[in-house]
J.: 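Handing you a structure now.
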Amino acid sequence: MRANRTAHPMAGATNDDDTGGHPPPPCRGHRRLCELGISCTLNTEVGMMLAVIRQPPDPETNSYNSHHIQSLLSLRSIIFNPLRGSWHSLDPMVYLSPFLDIIQSEDLTAASTSASLYAVLKIIRLDIFSEITPGAREAIHAVVLAITNCRLEFTDPASEDSILMCIHQVLTAVMRSNASVLLTDHAICTIVSSCFQIVQQSADRSDLLERSARHAMHDLIDAIYSRLRNMRYSDGGPVDSGCSEAEKNALHVSYTAQCMIDIFYFLCSLINVEEPVDHETADNSSDEEFQLFVLLLINTVVELGGDSINHHPGLLHIIQDDLFHHLIHYGTRSGQRILSMTCNIVFSLYHFLRRSLRLQLEAFFIYVLLKIAKGSYGSQLQEVAIEGVTSFCRQPNFIMEIYVNYDCDPIRHNVLEEIVKLLCKTTYPMSSPISSMQLQAFEALITIIHNIADGIKIHHALSRDAYAIDDSEFKPFWLERCDMHKDPDSWVEFVRMRKLKKKKIMMAANHYNRNEKKGMAFLNICRLVPSPPDAKSIAYFFRYTPRLDKNKIGDYLGEPNDFNIKVLKEFAQTFEFDGVILDTALRTFLETFRLPGESQKIQRILEAFSERFYDQQTSGIFVSKDAVFILCYSLIMLNTDQHNPQVKKKMTEDEFIRNNRDINGGVDLPREYLSELFLSISTNAITLFDSSSAVISEMNSNHWANLMKQSRTVEPFVLCDYKHKLCREVFNTISGLSVATLCVIFEQTDNEDVLQECIEGLFSIARIARYGLEDILDELLSSLCKYTTLLNPYATAEEIVFSFSNEVKPRMATLAIFTIANKFGESIRGAWRNMIDCLLKLNRLKLLPPTLLETCRSATEADVDNDGGGRHSKSESGSGVIFPSSNLGSGRRNISGLVGRFTELLSLEAGADSMLNAASEMENNLKIIQQCQINSIFKDSARLPQESLQHLIRALVFAAAGKGQKFSTLVEEEETVGFCWDLIFIIITSNLHRISAFWMQFHDCLALVSQVPQFSPCPFAEKAMVALLRVVILIFSEPPRLQDWQSEEMVFKSINLTWKLDKDILDACNESVTEATVKLLSKYARSVQTTLGWKTLLHMLSVTGRHPENFDRGVETLIGLMTEVDHITRSNYAYCIEAAFGFAALKISPVEKSSQILNLMAGSVKWIIQWQKSSFYETGSFNIHSSSSSTEEGINKASSVQGNSFAATNLFMKLAEALRKTSLVRREEIRNQAVEALGWCFLEVADELEWTPGSYASSFNLVIFAMVDDLHEKMVEYSKREGMKREMRSMEGTLKIALEQMVEVYLCFMVRLAAGPSFRTFWLGLLRRMDTCMKASLGEEGLPSLVMQEVVPKLLKRMILEMKGKQVLVQSDESYLWEVTNIQIQWIAPSVKEELFSDD
């Protein structure tokens, strides 16, 4: 056929120039040369064509070629005709028609055809005409028509192959030309069909033709779909329908997206193994090369179309339905290359169209990629699938989007969890050498972790409460949606809530499978259903919860209770049956539960189904739901009949139709409809699942139809980037397996690259764990500590050092744990214990760098000598150079750079002979440990939150107490305990500003150490006491505005608790305690603010002062303290007096020192008088805080009341009691001075303290009478000891002084005493003591004391005369006191009786 050569002018704008109103060709400046070149080219092609035609194989055929020769000669005649005009404005058919006629001719040879094809190809490639050239539309269609109808009558196979290749080239050139836009949809489809036929034919020809044809086909598809992005949006129908020809020409558009849709549908049909296009295609579809070629074309379409496919619903629908269905079906039935190409196609679709492919992508992951990756289809396919999974995981937002769209949706699969499980399972255990598949899975797992860590883009971790999810009330969650663009924060919380609900739903399913009642109760408890439960919520639970026992679902739905029936109706409402044939709807319905065996239950269930199906039918076949119900029963019976092997005689189609007559409201259903149902049931049985394990394992046509129906209403695929809280939730979901896998890989592999990747992954985990996932970091660090080999209880020290020196892994693990501690210590909790154990092991092995040890040793001097200026600076840099400090927001780039140097640092022995020659293994080990910056962990502990700090201190305390430690020698134990307390002191130094926040927990740890099985109190308490005193010095060295009396009191409580662990602790470490105590009382006495502090310090001073080497410093400190009146307050006075007594009574105390102390004690009575008179609480400006736990509760309570006489009395009694006890010491000078000081003190306060008569009597009884009694007892005791006569005489002299002081004080207080109601009793007590001393029986002989017999009468005489003189003792008939006194004097000293009672 010949193409119509009639020119059709275009409707565009025109110009009156020589080009016919069209733009000039590209070579505008050289138009004449361009025109000449085209003329020469055409002249050459015509000449070549004439030469080929004029040499026919048979001369008799020459007449047949005359027409073709004439047309060629006519063309040659106008080539150089000056009246021709421009080639670009000339009708293309003028120079194309001679060649096209030859191509379609049946009479010419293959050489003529081939030459004509080449000439046409050359003309089209020269772009002589374009879409705006007059006659271009007819010309381009004529070319397509001629090429696609090329006749090959007189050709041999070789020539035919050449012609076919040239046809492909010409058609491709047509599609590449500018005029191709004028082609119609039909023409485009014709071109593709012709080219594809050549591809099909080339399969039986030469390899060159086959490869060339496929390459040309690919180029053709590329040319067609490269214009899809510029196409008008379409709905799948013809874009230009209803447009006039003039409008089409004006738009310069002929073919539309419809041809692209048709071509793509054709390509997709080629991979449909179940429904081949034709026999020829079917034969080639089984060929892997052909399938790979088709998939390559499809992938090209997807890549070229990109996201513009979304604007063409027809094309998008084919991808959603046909393409994905074929890919999923064919994915598990193909080889490696096809699976790889399938993964690439889906990968491209994910990038461009995932918003419209939510369910399709899920199905591909579940039924193809993950299924193959599990190894069920062989290791070769498994490796390809793992590679596909890895490609997806490399995408930045893939993890988050998969988690949000699937794992957080209650009715979708946990795709991300399945991916991580698969990767972990594939990676572990690591083989040696590592396979490429394991390496890919490991890389994917590491990538997931890195992406999550990089996605958390906040600089400061939130509080743990910020991650809590409010689940206090029921909220619908099954099918609800939330727009992330309107309110991103609410959307994040919505997603987190759905994930929480999904987790609980899975737990509820487990409970329900075991016990229905407990399962329902669990739903209520977890607020998965409203209270009281409604039918819809229960129906959703049965409908969408996976792995529920289908038997129990069926039994529940079939129950006759009203609520169960409501649930059944709501359950049926969850199905969409519009446009679905009955058997498909019934299959879908019965797949969700096991149909019970009881007929009444079956009836209720089928009635609910029939009602739902009838309401949604679109064909109008059924006139009532009863008709549906009857036919459903009939289908179930047919299914049993056809597929039960016990039924021998099967029902025929006619019998089935006859059995269902008149069921549709008295009329028959259409025979075709019943025949279709019979055929479907007989060929494909209705599967009745009977357990929760009956999970869909393969995507069949029925399941795919349901999926497509759901895809029309499902929420689109959510595109989202990484959200902070969601990142945390994602990792929390996968943390268990991923952390365990990385740790196992680190343990088992020896590949340094893998080890570095492991370390990077572990650092990323640490970055994530700081956001409320501390337990994960603890688990990670505990595992790493194990890999250091430092905690191996069965290895000797030499074995550990050898392993550490010669293996990379222990050093890398050690470096990693301390680097994590430095960078992410704020997230560490329980793992501090393992890390401290490793640190202590390094210390014992002498592997710690000198900088750390020097820091610990110099901590006391640095802090004590600088008087508050020695606290460790937080900005002080350590000795390491690899791990600089960084804030919370540091990214992975910094971490990767650090880890990248691990090999260089850890492989000091590899390739560095000079270093080995210069340094020993120990030096290399020290260098490695130095890079850990261990000292920074403790010096910079101020950055740790309170909880982490408490765990760190707790770990150190219990390690010092021996928990988890095994000591070979006592020296090693003492060094370890001291090292622990040095570290504790460094921590406290760095956190002194918040000591009150963590000290109570620290104190509780001290209280619990005694429960440690191997606790040894001696070194622990000794080191603890020294460290705590250093802490006190630190507190007191602070400026007054920063001092806190509560912190001071807590520390002193801990000090008191410590010395209770070992009663001899103060003696064991007396020198250190004395030094600290002396410094505190000498330098910081003004800073002591608590009663407990004074009590503790003075007690320690008195106890340690008993040692001769400490006595001088202790006594000088006490004397200095009591000399400075501003240091003594009502709250610490009693403790000062007690300490003074301790020093004064010491045997090693020189007499002059004891005498000086007694003078200070006696002189302190003036302070009591001053406090009594004062109207303010304290002398000076100090405010002393008392502890409710103090043992001296009476004193503290009294001291809290200003001007209270009772307080002053108590203080005086403390002084008097101390002097009384001093009166019993062995040295006579001290005793006598103490007795005289006591009497002097009583006389001083006689008129100052507002005592009552009872107070006077009480003071006598408690102090003076007690002193006299004790001295008398001592005198008698010494008299009865052999060789103690001198001591007896000395005590006798002290007793004499005591009696004299007693009488002196009595006479001073006599009038006040006499005013009391108990004076008679008091007086008799005084006389009784006189009598006791007068009649003292000394020695074995019982001789009286001459001194007493001399002094007692004198004292009696003096007292009675004074009493008479002051009218205290008056003779009277009613005076009982006179009578008693008379009798007692006669009994005690008859010699003075007459003198004193002469009138009686």
J.: Please confirm whether Phe477 and Phe494 have ring centers closer than 6.0 angstrom.
T.: no
J.: Using a strict cut-off of less than 4.0 Å between a Lys/Arg side-chain nitrogen and an Asp/Glu carboxylate oxygen, indicate whether Asp578 and Lys709 qualify as a salt bridge.
T.: yes
J.: Looking only at atom types and distance, does a side-chain atom of Thr640 sit under 3.5 Å from a main-chain N or O of Ile636, one as donor and one as acceptor?
T.: yes
J.: Is a salt bridge present between Glu443 and Arg394, judged by a nitrogen-to-oxygen distance below 4.0 Å?
T.: yes
J.: Considering the options Thr426, Val389, Thr390, which one meets the side-chain contact (heavy atoms from CB on, under 4.5 Å) requirement together with Gln440?
T.: Thr390
J.: Looking at Glu559 and Arg604, does any basic side-chain N land under 4.0 Å from a carboxylate oxygen?
T.: no
J.: Does one side chain, of Gln320 or Gln360, offer a donor that lies under 3.5 Å from an acceptor on the other?
T.: no
J.: I need the Arg358 CZ to Glu401 CD distance, nearest 0.5 Å.
T.: 11.5 Å
J.: Between His511 and Phe522, does the ring centroid distance fall short of 6.0 Å?
T.: yes
J.: Compute both the distance and the angle, then confirm whether Arg543 meets the cation-pi test with Phe575: under 6.0 Å from the six-membered ring centre, within 45 degrees of the axis.
T.: yes
J.: Quick one: pull up CG in Asp409 and OH in Tyr403 and give me the separation to the nearest 0.5 Å.
T.: 12.0 Å
J.: Locate the shortest heavy-atom distance separating Tyr771 from Ile456; write the atom from each residue and the value.
T.: CE1-CG2, 3.3 Å
J.: Checking Arg354 against Tyr350: charged group under 6.0 Å from the ring centre and within 45 degrees of the axis?
T.: yes
J.: Taking Arg527 first and then Glu473, would you say they form a salt bridge - that is, a charged N and a carboxylate O separated by under 4.0 Å?
T.: no
J.: State plainly whether the residues Lys499 and Glu493 are in salt-bridge range, i.e. N to O under 4.0 Å.
T.: no
J.: Would you name the heavy atoms of Cys632 and Leu582 that are closest together and state the gap between them?
T.: SG-CD1, 4.0 Å
J.: Counting only heavy atoms not in Lys625, do more than 12 fall under 6.0 Å of its NZ?
T.: no
J.: Got a sec: does the CD of Glu598 have more than 12 other heavy atoms crowding it under 6.0 Å?
T.: yes
J.: So, Asp583 and Arg587, do they make that salt bridge, N to O below 4.0 Å?
T.: yes
J.: Would the Tyr367 and Phe324 ring centres measure less than 6.0 Å apart?
T.: no
J.: Distance check, rounded to the nearest 0.5 Å: Lys421 atom NZ versus Ser738 atom OG?
T.: 12.5 Å
